[in-house]
Amino acid sequence: MADQPPVVIVGAGIAGLVAALALARRGKAVTIVERAVHLEEVGAGIQLSPNAARVLVDLKLGDALRPVAFAPAAIRIRDARSNADIVRLPLDDIPARYGAPYWVVHRGDLQAALLSAVADNARIKLHLGGYIEATRDDKDAVVADILFGESRVSIAAEALVGADGVWSKMRTLALGGGPAVYSGRIAWRAVVPIEAAETVAIEDLTRGTSLWLGSKIHLVTYPIRGGRLLNLIAAVDGDWLEPRYDVPGEPAEITAAFANWPDPVRRLVEIPENWRKWALCRAPNGPWTKGRTALIGDAAHAMLPFVAQGGAMAIEDAAVLSRHLTDTSRPVPRRLAAYEAERRPRALKVADAAARNGRIYHLSGFSADSRNAVMRLLGPDRMLARMDWIWGWRDRD
Ligand SMILES: Cc1cc2nc3c(=O)[nH]c(=O)nc-3n(C[C@H](O)[C@H](O)[C@H](O)COP(=O)(O)OP(=O)(O)OC[C@H]3O[C@@H](n4cnc5c(N)ncnc54)[C@H](O)[C@@H]3O)c2cc1C
C-alpha cells in the first residue's frame with residue numbers, strides 16, 4: 001500500500017483537522033488544503049459535549065485540552081422576563097454517566113491543540129493558502145486541482161473530503177449541492193475577562209453555563225480558557241444575511257435588543273466592546289458522497305447551534321469516516337457510501353432537534369409560560385435524560 005495516494009481534505013476547521021488525525025491514527029497519509037493563509041479561529045467559545053470530548057480524548061488530545069477547558073458545574077436555564085430560574089441541570093456526574101467530560105473551550109485553544117497534534121504527525125501534511133478549483137475522477141483516484149495564488153497544483157487522492165464549512169465549495173463543485181439556507185436567526189458573540197463578568201451580580205455566572213430564554217432572543221454564557229474568560233452568545237431573530245463566516249457587529253445594536261431585560265443581564269451584555277455576528281444557516285439537503293468524494297462537518301450538515309452540536313457532529317463524522325475509509329474489504333466509493341448511510345440519519349435528527357429548540361427558546365407570552373411549566377415538570381433528571389441519545393454516542397470501535 002506504500003504507493004496509495006493520500007486522502008485529501010479540503011478545509012482545516014474542526015472537521016478537517018479531526019478527520020486528519022483520525023485517519024492518520026489508522027495509518028492513512030493525509031494532505032489538508034486550507035484556503036486561509038493564516039489559521040485563526042473566531043474569538044469565541046465552543047461546548048464540547050461528551051460525545052465529542054470522547055473522540056478527542058481517544059485521539060490523545062486530552063492532555064492538551066484539559067488545562068484550557070472548563071467543566072461547567074451546571075446548565076442554569078432562566079426566564080429572561082424575570083431572571084428567575086426555570087430549571088438547573090447539574091453536570092457533576094457527566095463523566096461517570098457518559099465516560100467522558102463536558103468541556104467548554106475557547107475555539108482558539110481547541111484549534112491550537114488540533115494544529116499541534118497535526119504538526120507532530122508525520123502522516124499529515126497541511127498546506128495553507130490553497131483554494132479548491134476543480135475535481136475530476138482519474139483511474140483509481142480522484143484529482144483535486146488547487147490554486148495556490150497564481151499556481152495550479154493537481155493532487156491525486158485516494159479519497160477527497162470536503163470539510164470546507166457551511167459555504168462549502170466542495171458541496172457545489174463535486175456534489176452538485178446548493179448554497180446554505182438562511183435560518184432567520186443571527187448569532188452575536190463576544191468574550192469578556194472573567195473579572196469584568198464578576199462585576200454583575202448573577203449567581204453561578206462564572207461557574208457554569210447560563211441560558212436565558214426571551215421572546216425572539218436568547219442568551220448563552222459560559223466560562224472558557226480554563227475559567228479566565230466568559231463567552232457570550234446572543235441569538236436573535238432577524239433578516240440580516242451576509243454569506244461570510246462572521247463580521248464585526250455594532251455593540252449598540254445588540255445591547256438595544258436587551259433594553260427590557262433584567263438589570264444584571266443587561267449590564268452583562270453592555271460589557272463587551274467587540275461583538276461579532278454570524279448569519280445562522282443550515283446546509284441544503286443533498287448528497288454527501290459521490291464516488292471517491294465525501295462531505296463532512298458543516299459542509300454536509302450545517303445546523304443551528306441550539307443543541308451545541310455542529311462541531312460535535314463534525315467530530316463524530318471524523319471518527320466514523322476514518323473507520324469506514326480504512327475498511328479495505330470494499331472499494332472506496334462503497335466505504336464512503338457506508339459512512340454517509342451511518343452518519344446521515346443521526347446528523348439530520350440532531351439538526352432537527354436544534355431547529356426545534358430554536359423555536360421553543362424564542363416563544364413569547366402564554367406559550368413561553370407553558371414551555372417553562374413543562375421544563376419545571378420534567379425537572380433536571382428527565383431534562384438531562386433527554387440528552388442521552390446525543391451525549392451518550394460512542395463510535396463502534
Ligand atoms: C454561534 C455558534 C455557536 C456554536 N456553538 C457550538 C457548540 O457549542 N458546540 C458545537 O459542537 N458546535 C457549535 N457550533 C457549530 C460549530 O462551530 C460548527 O459546526 C463547526 O465549527 C464546523 O466545523 P467545520 O470544520 O465543518 O467548518 P468550519 O469551521 O467552517 O471550517 C471550514 C474550513 O474550511 C476552509 N475553507 C472554506 N472554503 C474553502 C475552500 N474553497 N478551499 C479550502 N478551504 C476552504 C475555511 O477557511 C475553514 O478553515 C456553533 C456555531 C455557531 C455559529
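Just so you know, ligand 1 is whichever comes first in the structure, and atom 1 is the first atom listed for that ligand. This structure is a prediction, so every number in the text was calculated from the model and none was measured.
Atoms of ligand 1 lying under 4.0 Å from any heavy atom of I132, numbered from 1 in the order shown and given with element: 41 (N), 42 (N). The contact set between ligand 1 and V10, taken as ligand atoms under 4.0 Å from a residue heavy atom, comprises 42 (N), 43 (C). Each of the atoms 21 (O), 25 (O) of ligand 1 lies under 4.0 Å from some heavy atom of I14. For ligand 1, the atoms closer than 4.0 angstrom to any heavy atom of A308 are 7 (C), 8 (O), 9 (N), 10 (C), 11 (O). Near A163, meaning under 4.0 Å from one of its heavy atoms, ligand 1 places the atoms 32 (C), 33 (C), 34 (O). Ligand-side atoms of ligand 1 in range of Y131: 41 (N), range being under 4.0 angstrom from any heavy atom. Close approach to G297 involves these atoms of ligand 1, each under 4.0 Å from a residue heavy atom: 26 (O). In summary, the atoms of ligand 1 found under 4.0 Å from a heavy atom of A187, numbered by their order in the structure, are 1 (C).
For ligand 1, none of its N or O atoms has an N or O atom of R189 under 3.5 Å away. Taking only nitrogen or oxygen atoms, main chain and side chain alike, W278 does not reach within less than 3.5 Å of ligand 1. Taking only nitrogen or oxygen atoms, main chain and side chain alike, K169 does not reach within less than 3.5 Å of ligand 1. Not a single N or O atom of A36, backbone or side chain, sits closer than 3.5 Å to an N or O atom of ligand 1. Considering both main-chain and side-chain atoms, L280 never comes within under 3.5 Å of ligand 1 through any nitrogen or oxygen pair. Considering backbone and side-chain N/O atoms, A15 comes within less than 3.5 Å of an N/O atom of ligand 1.
Distance check: D237 CG to I217 CD1 gives 9.0 Å after rounding to the nearest 0.5 Å. Annotation: the span from L280 atom CG to L304 atom CG amounts to 6.0 Å, rounded to 0.5 Å. Atom CG of residue L89 and atom CE of residue M375 lie 8.5 Å apart, to the nearest 0.5 angstrom.
By the 4.0 Å heavy-atom criterion, G130 is counted among the residues contacting ligand 1. Heavy-atom distances between R107 and ligand 1 reach below 4.0 Å in at least one pair.
The heavy atom nearest to atom 10 (C) of ligand 1, considering only G311, A318, A235, is found in G311.
Side chain to side chain, N285 and R344 meet the donor-acceptor criterion of an N or O pair below 3.5 Å. For the residue pair Y98 / D388, a side-chain donor-acceptor distance below 3.5 Å is found, with atom types taken as modelled. In this model, no donor atom of one side chain and acceptor atom of the other lie less than 3.5 Å apart for S183 and R282.
R394 forms no cation-pi arrangement with W389, by the criterion of a distance under 6.0 Å to the ring centre and an angle within 45° of the ring axis.
For residues 114-148, the set of pairs meeting the ring-ring contact (aromatic ring centres under 6.0 Å, His included) definition, not counting sequence neighbours, is empty.
A salt bridge links R136 with D145: at least one charged nitrogen is closer than 4.0 Å to a carboxylate oxygen. With respect to the salt-bridge test (charged N to carboxylate O, under 4.0 angstrom), the residues D58 and R54 do not qualify.
For H218, the ring-ring contact (aromatic ring centres under 6.0 Å, His included) partners at least two apart in sequence or on another chain are F306, Y361, H362.
Neither the backbone nor the side chain of S49 comes within contact range of ligand 1; no heavy atom lies under 4.0 Å.
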